[in-house]
Amino acid sequence: MMLEKIIALSRKSSPWVCHFNSGGCNACDIEVMATLTPRFDVERFGIQLKGSPRHADILVCTGPVTKQIRERLLRVYHQMPTPKYIAAVGSCALSGGVFYDCYNVLGGIDRVLPVDVYVPGCPPRPDAIIAGIVKVLQKMEADALELGDQGRASAAEGGNSRVSH
Amino acid sequence: MAIIDDLFKILVFPGFLFVVNLGLFLEWLDRKIYARLQNRVGPPWYQPWLDILKLLSKEDVIPEGASRFMFTWLPVFYLAVTVTASLCIPVGTYAAIYSFPGDLIVVLFLLTLATIILFLLGWYSGSPFGRVGAVRAVTQFLAYEVPLVAALLTQALLADSWSISLVMARTTVGFPRFVVVHLTALAVALISLQGKLLRVPFDAPEAETEIVAGPFTEYTGRRLAFIRLAERTEMAVGVGLVSDLFLPFPARLGVLGFVISAILVTFVLSVLRASVARFRIEDTTVLAWKYILPFSALGMVLAIIVRG
Amino acid sequence: MSDMEIPVGPQHPALKEPESFRFELEGEIVKSVDIRLGYVHRGIERACQDRTWVQAVYLIERICGICSHSHTTCFCQAVEDIAGLEVPRRARYIRSLIGEMERIHSHLLWLGLAGHEVGFDTLFMYAWRDREVILDALEAISGNRVNYGMNTIGGVRRDLTDRDVEELRSAIRILEERVGYYTDVALEESTFRNRLEGVGKITKQQAIDLGTVGPTARAAGVNVDLRRDDPYAAYDEIPFNVVTAEAGDLLAAAEVRLGEIRESIGIMKYILDNLPDGPIAVKAPRRIPPGEACSRYEAPRGEDIHYVRSSGGDKPERVKVRAPTLANINAVAESMKGVRVADIPIIIAGIDPCFSCTDRMVRLEDRISGRVEVLRWQDLSRRYRR
Amino acid sequence: MLPELIRSLFQKPATVRYPVERVPAPEGLRGKPVCDYSMCIGCRMCSRDCPAAAIEMVDTGERTPRPVFHYDRCAFCGQCADTCPKKAISLTSDYELSAFSKDDLVSLERRRGESAAG
């Protein structure tokens, strides 16, 4: 379908990113910021960092989920318009990392929300973050072409994203 | 066939499609120049169009606490107003769709209306950031509208007409005699235009690090796309107006001259955006009333003296 | 406009970390502020008690990703103190070197963020572009751009090769020129100055009373620097100046930080010229003998204090961290009264906050009544205000 | 500020062409850790010292268990390589590890029961 192709192209060429630190150590955050700077300049791919989750397509989460932040993370996620994607950046966001047994840490982002792409590293280099975002874009394109919004939602529930509330 | 001809003029050239695409092109140009000034690569040329397409295909959310009616219709009004304003802008020697003596006043009125809509957009979005942004937009509007009008008035005085096409045709008449007045008015117009379009250093109404995105914080999907289109159209109108009224090219080189002038004006605006920090809203007002307004008044007085 | 409340955080473009500030506004003026910390509280101090001494170093490193070397050095010094280990001279020099590189990257980061907060994105882009120079050098030496993992108990983990030294020298040349440029031009840019001058101002007396540390204190004229006052690592052998300013506002803070970058470059040059030969680490025992120690370190943001107690096992018995931002955050609350909305982000950013260092929880347990109380930030600052 | 801006306009941008051209990582980069199972003696030292508990000792059919890395938890600190008495563990310069599923972030494909390292 022509229309679907155009939608897929526009989505993958214009991903707006909202960054959320769910309790990390800042390292991943500064590397996410560094992807904006002249050396890496993600605006090349049309990526823009947006302050409002309402404008975002991809939620980039860094850090393990602390007990206090959980609710806020969910709220930010629910504020985003569909289709929405989540990239977990950094080992803490993947599984809790070195904070795996801390009493105030719930674990990785996927304990709370469905994660689409995992970017390991402590912190990942900006190159690795870009590579991760490119993976999200691939997924976006595939979703727009094959599944559409409804299909994606059901795929996220039954697919590889393990959600446990 | 007159109807088809009119429809073509209104919808395609120099009407809706042309002005919207010009606006998106200027957005790309602005972002690209901004990026290059910062030693970055910047977005590819098709970026603004794809941004709009993507927004059109996203979910629409009406947040709790927002006025449903206002939230739905204001973005449409915003676009309608700016596109209507564009109907009076001649594209170089290509006459405007709707041109009459005094159309300059109408354009200014419509652009003012756009700012009022911006205020309502923020006020009824049900977000504290939106409200702060809305109030700031109005505060800033008071500071910038007067110098902008004064600068355009100077040109109108020099040309002795309120018609855009006449002013444009007479821009370079009596050239060496008017040059000082001309440049004064141009400087004031460029700075006020930057304020009108809410760009750094006058972007306090939508300052990202202070109030997220100001009036637009809560808007998503199609509505945001409309708002962006309206903003770009406003930019095209503002830049086009300044090009027509102040630069010699549109009257000499026609459509090509118009585009060249628009690019030149955008370049100046981008450099201005890249080289300064944001003003606080209070500083904006003080700056406008203390320096820019007297300066524009000076231009006007000079114009009267020179005209004799 | 009637009174309204705006929330800044936990998710807000001005904050890179989740903290919540609620501002009650009267027009554009801030009437009161409610700070709610604790979103990044992870329980690191407690978790240290479940880690071996070797593992604890890496956990401590991740207290904060920006001043990771500060925390590990501080912790390792405390442990070495307890165990009575003599750190080789070369290791002490390398620790100082990495510490200064970290200071440079941290201050450039601050400069960029300060520009970003006031809408001067070009400065952000330039400062962060030049920051890549020092990050490249750090990556070449330590193998990672941010969490360097250079420290281990008893010394450092990686040696400096000749090629690293050469690369560092060329990096220093670039940085020297750029930092000179920022001092000359960026601080002269009138719109930028206008946003910093007189903003977030504290007097010298306030700076002392509120217990501020680091550049925040030095900008207000308090001449304090642990590298000189209580030397650690190799600082007792290295000549350098302590940069101070008088004004106490954010412009002074920016001047102090830029001045410190120049001093750090000087220190780096001295270290590269006078790098002693020898081993880079001594072998640390798996079990640290019983004892306790307190260690201080001048982190980029100010004085960092670690208290470590060992009961003779292979795990620490207690680790307590006092990060610099905790000492400085009172200054933020103080200078926030009556400011305009536009200045909020830059004032918060002004102390170069690092909430991941700061988020602690204080839980008071009344042994007799069994009442458990978790203190909020306001309770803390009210109780312990001098 | 203006001269610098204009100079940047005509300068080549500082941007690298990643991901079109891969920028070589520095030699000592602490990337993905791998274990050479032929050198490993299964002493469990790496697993004991790992600060993130990212190393799991798995029975691969040899006399002693072998380490399996969970890259989703690894802190890439390199302590395992430092600790290993046989120097069987090394850190590669591979850093682009992003994956759609956490199952792909384990050094050993346990689902299929293969005993391949990598």
Side-chain angles (χ1 to χ4, degrees), chain A residues 1-20 33-58 75-85 126 130 137 140-141 143-145 148-150 152-153, chain B residues 24 27-28 30-64 66 71 122 125-130 133 206-225 227-228:
Chain A
M1 284 285 285
M2 195 59 201
L3 187 65
E4 278 175 4
K5 269 189 185 156
I6 292 175
I7 290 176
L9 177 72
S10 70
R11 284 197 184 148
K12 107 177 156 162
S13 315
S14 160
W16 291 355
V17 167
C18 180
H19 166 228
F20 188 78
M33 287 294 278
T35 58
L36 299 175
T37 57
R39 167 78 74 92
F40 301 100
D41 186 32
V42 287
E43 208 185 355
R44 284 180 293 160
F45 314 114
I47 300 177
Q48 279 184 304
L49 200 64
K50 291 282 171 183
S52 168
R54 295 258 188 233
H55 300 178
D57 305 306
I58 304 176
R75 200 165 132 187
V76 166
Y77 181 71
H78 290 313
Q79 278 180 343
M80 288 169 65
T82 53
K84 46 192 168 188
Y85 293 79
I130 294 176
L137 299 185
M140 268 184 170
E141 192 183 13
D143 285 355
L145 282 179
D149 290 357
Q150 297 304 315
R152 199 200 95 76
Chain B
L24 291 174
E27 182 202 347
W28 169 75
D30 173 51
R31 275 167 71 178
K32 185 79 179 176
I33 294 171
Y34 190 55
R36 288 307 305 267
L37 288 172
Q38 293 172 345
N39 211 354
R40 298 185 285 133
V41 170
W45 66 267
Y46 45 79
Q47 195 58 51
W49 284 270
L50 289 179
D51 282 351
I52 297 289
L53 280 177
K54 180 209 68 179
L55 285 174
L56 286 175
S57 73
K58 288 212 68 158
E59 185 194 5
D60 265 343
V61 182
I62 298 183
E64 269 176 51
F71 206 78
S125 70
S127 146
F129 299 121
E206 47 176 80
E208 200 204 353
T209 48
E210 293 165 28
I211 49 173
V212 190
F216 318 128
T217 309
E218 297 290 335
Y219 286 85
T220 59
R222 219 165 8 209
R223 297 189 181 89
L224 189 61
I227 292 175
R228 278 177 80 90

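Proteins get letters first, then strands, A, B, ... in listed order; numbering begins at 1 in each.
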salt_bridge(B:Asp60, B:Arg223) N-O dist < 4.0 Å:
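Yes, B:Asp60 and B:Arg223 are salt-bridged.
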Which region of A:Ile47, side chain (C-beta onward) or backbone (N, CA, C, O), has a non-hydrogen atom less than 4.5 Å from a non-hydrogen atom of chain B, or is it both or neither?
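Contact with chain B involves no heavy atom of A:Ile47 at all.
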Between A:Leu36 and chain B, with a heavy-atom cut-off of 4.5 Å, which part of the residue counts as in contact: side chain, backbone, both or neither?
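Just the backbone, heavy atoms under 4.5 Å.
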Please tabulate, for the side chains in residues 42-50 of chain B, all donor-acceptor contacts under 3.5 angstrom to protein atoms that are two or more places apart in sequence or on a different chain.
| from | atom 1 | to | atom 2 | distance (Å) |
| --- | --- | --- | --- | --- |
| B:Gln47 | NE2 | A:Ser13 | O | 3.1 |
| B:Gln47 | NE2 | B:Asp51 | OD1 | 2.9 |
| B:Trp49 | NE1 | B:Asn21 | OD1 | 2.7 |

Structural part of B:Ile52 lying under 4.5 Å from a heavy atom of chain A
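For B:Ile52, no heavy atom lies under 4.5 Å from chain A.
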Side chain, backbone, both or neither: which part of B:Leu53 has an atom under 4.5 Å from a heavy atom of chain A?
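Answer is both: backbone and side chain atoms of B:Leu53 are under 4.5 Å from chain A.
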Minimal non-hydrogen separation, A:Arg54 against B:Glu218, with atom names:
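That would be NE-OE1, 2.7 Å.
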Tell me every residue that passes ring-ring contact (aromatic ring centres under 6.0 Å, His included) with B:Phe71, counting only those two or more places apart in sequence or in another chain.
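ring-ring contact (aromatic ring centres under 6.0 Å, His included) check on B:Phe71 returns B:Tyr219.
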